[in-house]
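Since the structure comes first, as structure tokens, the remarks are kept for the end.
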Amino acid sequence: MALSSHEIKQKFLSFFESKQHTFVQSSPIVVKGDPTLMFTNAGMNQFKDYFLGNSEAPYKRVVNSQKCLRVSGKHNDLEEVGHDHYHHTMFEMLGNWSFGDFFKQDAIAWAWELMTGVYGLPKDQLYVTVFEGDAAANILFDQEAHDRWAEFIDPKRILKGNKKDNFWEMGDTGPCGPCSEIHFDMRSAEQREAVDGATLVNQDHPEVIEIWNLVFMEFNRKADGSLDRLPAQHVDTGMGFERLVRGIQGKSSNYDTDVFQFIIQNTAKLCGKNYGDNEAQDIAFRVIADHLRAVSLCIADGQLPSNTGAGYVIRRVLRRAVRYGYSYLGFQESFFNQLVPGLADYFAGSFPELKAQESFVQRVIQEEENSFFRTLSSGMGRLGTFIDQHPKGVVDGATAFELYDTFGFPIDLTDLIARERGCSVDMDGFQVALQAQKDRSKADAVKQTGDWITIMADSDESFCGYDATQCVSEISRHRTIVAKGKNLYQLVLDVCPFYAESGGQVGDSGHLIGEDGEIVRVLDTQKENKLHVLVCENLPKNMNQVFTAQVDASRRNSISSNHSATHLMHSALQEALGSHVAQKGSLVNDSALRFDFSHFGKMTDEEIAQVEVRVNEKIREGIALKEHRNVPIAEAQKMGATALFGEKYGEYVRVIEFDANYSMELCGGTHVANTSQIGFFKILGESSVAAGVRRIEAVTQQSALDYINGQLEELSQVKIALGNPKDVVSAMNKVLEENASMRKQLEQMEVEQVSALKSSLLQKVQTVAGVPMVLEQMNLPSADAAKQLCFQLKQELVNPVVVLAFLADEKPGLAIYIDEQWVAEKGWNATQMIRECAKEIQGGGGGQPFFATAGGKNADGLSAALASAKGILGA
RNA sequence: GGGGGAUUAGCUCAGCUGGCUAGAGCGCUUGCAUGGCAUGCAAGAGGUCGCCGGUUCGACUCCGGCAUUCUCCA
């Protein structure tokens with residue numbers, strides 16, 4: 001009996017724990033606070049700072065399993081996923097790490113021991129690669145790695161690899177080094193006999209696959225391209241968990257392992273089709289199985305589907321899965337969400353955040369599916385109409401692109417449906433239009449980031465903003481950013497009192513005041529990994545002086561007040577609504593606070609009032625802030641502090657406590673020293689942001705007072721306007737009722753007025769050559785009344801002709817009605833006639849042959865206009 | 001962040017190049033018909049055409065801005 005995937009992972013972890021490695025939890029799959037990366041795409045992401053030397057690793061040896069997502073940027077496999085058997089969007093990366101501890105010798109020995117000893121993989125089906133060296137880059141052959149491997153494996157199975165495959169770099173600059181890969185030849189004995197596996201390594205052969213990459217970081221690449229030896233050497237290994245399981249379980253597809261099979265079987269149950277019956281369906285099964293993992297884990301880490309950024313990526317992945325289910329498995333309505341519970345159970349041991357939010361995740365997905373099915377059916381309608389109008393024709397690129405771009409209708413569905421109905425699609429034209437849109441978007445996003453220019457080489461770049469809003473400091477480095485043709489300057493201080501935007505709290509603004517008196521405005525403060533970066537309009541002329549760094553303290557105070565109120569409200573919401581309430585987003589600035597949380601259904605007015613009352617009680621209690629810094633994460637959890645899903649916490653955390661029995665949260669933000677400083681808390685509104693997520697907006701301090709006063713002021717205006725009645729509401733209702741009834745009366749009067757005019761006009765009917773005519777000049781209440789009159793006269797008379805020259809609102813106008821019969825018999829045309837007549841009043845007009853109107857400027861010309869009409873009609 | 005679309009009756013939507021007294025289906029009200037019905041027939045109520053401004057004799061229609069929302073791209 002082969003090992004299960006859970007057992008395989010457990011063996012990996014315990015193996016390295018037995019080698020004194022410490023297990024570290026996976027960081028969230030959704031990256032926050034790094035503009036260059038949306039999703040975690042490798043195990044090393046969360047350890048980046050250790051390699052860069054920005055901070056020191058708490059453990060020398062680490063083992064982990066990291067959830068990763070590759071859907072955008074450099075690693076974009078999305079369109080291939082499902083069509084083959086080994087590409088994935090979401091995958092787990094197993095790794096063991098040395099931060100300045102063991103190096104090549106141990107890393108290689110342990111890797112071999114695990115592969116062949118623990119997992120029992122056959123030695124004669126394994127190959128390893130080592131870096132061959134690169135004369136041009138002046139790096140030598142990795143002799144040491146080669147020699148270590150040679151202790152275990154037949155030297156014929158040690159292959160040399162080039163810089164592309166066997167030299168790893170983090171970026172253009174920074175830590176780098178040679179790497180060594182383990183490849184597994186999974187072909188049958190006959191095939192192995194026929195073709196030497198060594199020739200298939202790194203050739204994208206589906207059965208000769210790389211399963212483990214050991215990176216030895218020993219160099220630092222400098223900006224000029226040269227390499228320095230690092231003071232401390234690191235090991236970073238990464239092994240794709242899904243392909244490892246496939247190798248050990250001896251399957252020919254990742255999807256045949258127990259990592260994916262239960263999802264595929266659950267899908268099969270829902271659609272009543274079997275996996276393995278035909279290839280098109282099987283692709284759909286695989287797409288769904290893969291995408292379910294990606295979408296569910298992202299939502300569990302707090303990234304909801306949306307129309308922008310990372311949320312949009314999730315939406316696209318989700319829609320791709322639903323699309324395949326719709327096209328190939330016959331799903332006509334939401335199904336994808338029903339696969340969540342099974343997945344949550346599978347991951348319960350490794351990623352419990354999914355199980356903990358199972359119903360939330362399921363609900364979000366279901367709502368998203370429903371919305372996509374609506375999009376599909378409306379696109380279907382549009383495409384259908386087009387094909388009806390162009391039977392057996394070509395759907396041109398512009399139309400196909402419009403369906404895709406504006407209405408979200410997938411291009412492959414357009415193609416499928418067009419072909420079913422005997423049409424074709426101009427795919428080249430579609431691609432041209434798509435490329436044009438991409439170019440447009442890219443041109444807009446042009447932003448250049450200059451290199452950091454260091455002023456103080458060995459600065460701590462520490463943050464003192466929890467304790468002070470002002471301090472003496474120096475500039476440690478700076479750089480220039482060009483965005484939309486505008487220059488902005490960023491600088492980092494040696495000691496920084498400015499809070500950088502994070503955790504929903506906006507960055508501080510303020511000033512730097514130089515010794516020489518120069519003042520530089522700080523517009524904003526942003527976080528880049530652990531750096532606090534000040535954003536300024538200009539740089540000080542003298543960078544090498546001592547500055548007073550001064551945070552805008554009153555703004556900071558308002559921000560802190562709103563942030564503390566957010567914490568109090570979070571607890572109040574849990575009291576009022578239940579323990580399912582969890583933070584899903586937060587924005588705290590100086591004017592207001594916004595808090596998104598998971599909750600199904602609209603909050604009642606009573607619940608909102610209850611939360612508001614509770615928070616204000618806590619404000620009046622005057623609870624002193626207890627701030628706990630550098631608490632080990634385990635201890636913080638023991639204290640009962642609330643942690644957020646999808647937030648990355650370090651080994652040591654900060655706990656913000658307002659009454660140990662009321663509010664305790666892990667938080668890096670700034671807060672008031674005592675809740676009484678919040679003064680007053682007022683909720684402005686409650687609304688929905690997504691399925692299962694509600695939003696509350698609220699204000700505190702002066703903003704709250706301003707809001708209340710604004711409301712009272714409006715009310716007092718209303719009262720004054722109503723004459724200061726005792727009961728404003730009933731007085732208002734009375735006015736509204738009166739208004740409604742008067743409007744009705746007015747309408748009635750207008751009708752009567754028109755009717756009276758009609759009666760008087762009926763007296764003036766003259767018959768010219770057998771045609772009853774009304775030809776009059778008069779005053780009318782509105783231009784619309786002329787139209788009304790014409791059509792009413794039509795009801796009363798038999799096939800009449802009506803010409804009215806009128807003055808309405810002091811403006812001259814004409815209206816001509818010619819019954820259809822005379823239009824046909826005599827060729828009279830109201831439009832032509834009125835253009836002729838309108839010349840007399842210096843105006844123009846038009847309409848249809850039987851009815852036309854005109855307006856003009858010259859009221860004195862009305863009689864002439866009427867005369868002109870009479871002339872034409874022969875009256 | 002950039003592009004495109006949408007916003008008309010309680011709901012789903014028509015309304016082409018400015019002028020068809022703003023329409024359809026469903027729903028609602030009333031009456032009639034049938035033993036009953038997601039029944040049939042008839043009559044009727046219900047609309048600041050998202051908001052603000054502009055062009056025009058005239059704007060649901062064209063132009064600009066704003067709001068809301070959908071969608072694609074980055």
Side-chain angles (χ1 to χ4, degrees), chain A residues 35-36 38 71-73 76 305-313 315-316 319 368 370-379 381-382 385 389 398-411 414 430-431 433-447 483-484 486 687-690 739-740 743-744 751 754 782-795 802 805-809 811-817 820 823 829-832 834-835 837-859 861-862 865:
Chain A
T36 63
M38 282 189 198
V71 285
S72 57
N76 189 350
S306 74
N307 60 357
T308 166
Y312 180 58
V313 175
R315 171 169 287 173
R316 244 173 41 194
R319 290 187 167 192
E368 189 68 18
N370 289 340
S371 132
F372 184 50
F373 274 107
R374 280 195 295 273
T375 300
L376 280 186
S377 84
S378 97
R382 282 183 179 274
T385 312
Q389 287 162 358
T399 300
F401 184 70
E402 187 195 29
L403 276 168
Y404 168 77
D405 179 57
T406 300
F407 301 103
F409 198 69
I411 183 65
T414 300
F430 173 82
Q431 290 300 338
L434 181 61
Q435 192 56 45
Q437 140 121 310
K438 286 186 178 178
D439 293 344
R440 233 187 350 256
S441 291
K442 265 188 193 140
D444 176 72
V446 171
K447 187 177 148 188
K484 297 196 172 184
K486 264 172 60 181
S687 57
S688 161
V689 270
N739 187 38
R743 183 175 293 179
K744 277 222 165 125
V751 168
V754 169
S782 70
D784 194 53
K787 200 193 248 176
Q788 299 291 339
L789 268 178
C790 288
F791 284 94
Q792 289 204 14
L793 287 167
K794 175 205 164 198
Q795 303 291 323
V802 183
F806 59 88
L807 203 59
D809 295 333
K811 282 167 125 180
L814 304 171
I816 299 180
Y817 177 84
E820 297 277 13
V823 173
N829 184 311
T831 305
Q832 286 168 15
I834 208 154
R835 289 210 170 114
C837 302
K839 288 177 187 164
E840 302 293 344
I841 54 169
Q842 291 172 22
Q848 309 96 64
F850 66 95
F851 178 71
T853 57
K857 290 166 191 154
N858 178 21
L862 278 175

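Because only heavy atoms are used, hydrogens play no part in the values below, and waters and symmetry mates are left out as well, while side chains stay in. Order of the sequence lines fixes the chain letters, A, B, ..., with proteins taken first and strands second; residue numbering starts at 1 for each chain.
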message = Parallel, tilted or perpendicular, judged at 30° and 60°: which one describes the rings of A:Tyr817 and A:Phe791?
response = perpendicular
request  = Rounded to whole angstrom, note down the P distance from B:G65 over to B:U29.
outcome  = 45 Å
Under-4.0 Å side-chain N/O to phosphate OP1/OP2 contact, A:Tyr312 with B:A74 = no
ask   = With both distances under 3.5 Å as the test, what is the Watson-Crick or G-U wobble partner of B:G10?
value = B:C26
request  = Output yes when at least one side-chain N/O atom of A:Arg382 is less than 4.0 Å from OP1 or OP2 of B:G5, else no.
outcome  = no
Assigned partner base of B:C60, Watson-Crick or wobble definition, under 3.5 Å = none
query = Within less than 4.0 Å of OP1 or OP2 of B:U21, is there a side-chain N or O belonging to A:Tyr817?
reply = no
ask   = Looking at A:Phe409, does the NZ or CZ of A:Arg382 lie under 6.0 angstrom from its six-membered ring centre and within 45 degrees of the ring axis?
value = no
inquiry  = Let me spell it out: for each of A:Lys794 and A:Leu403, pick the nucleotide of RNA chain B with the closest heavy atom. Which residue's pick is nearer the 5' end?
reply    = A:Lys794
inquiry  = Regarding A:Thr831, tell me which of base, sugar-phosphate or nothing describes its non-hydrogen contacts under 4.0 Å with the strands shown.
reply    = nothing
inquiry  = For the C1' atoms, the ones on B:A74 and on B:C28, what distance do you get once it is rounded to whole angstrom?
reply    = 49 Å
request  = Take atom C1' in B:C63 and the same atom in B:A59, then report the distance between them in whole Å.
outcome  = 11 Å
task = Mind checking A:Gly408 for me? I need base, sugar-phosphate or nothing, with any heavy atom below 4.0 Å counting as a touch.
result = sugar-phosphate
query = With both distances kept under 3.5 Å, what pairs with B:U39, Watson-Crick or G-U wobble?
reply = B:A33
B:A6 phosphate, OP1 or OP2, under 4.0 Å from A:Thr406 side-chain N/O = no
request  = Mind checking A:Phe791 for me? I need base, sugar-phosphate or nothing, with any heavy atom below 4.0 Å counting as a touch.
outcome  = base
message = I want to confirm an ordering. Mapping A:Phe401 and A:Ser378 to their closest nucleotides on RNA chain B, which one lands closer to the 5' end?
response = A:Ser378
ask   = Taking only side-chain nitrogens and oxygens of A:Arg315, does any of them come within less than 4.0 Å of OP1 or OP2 of B:U71?
value = yes
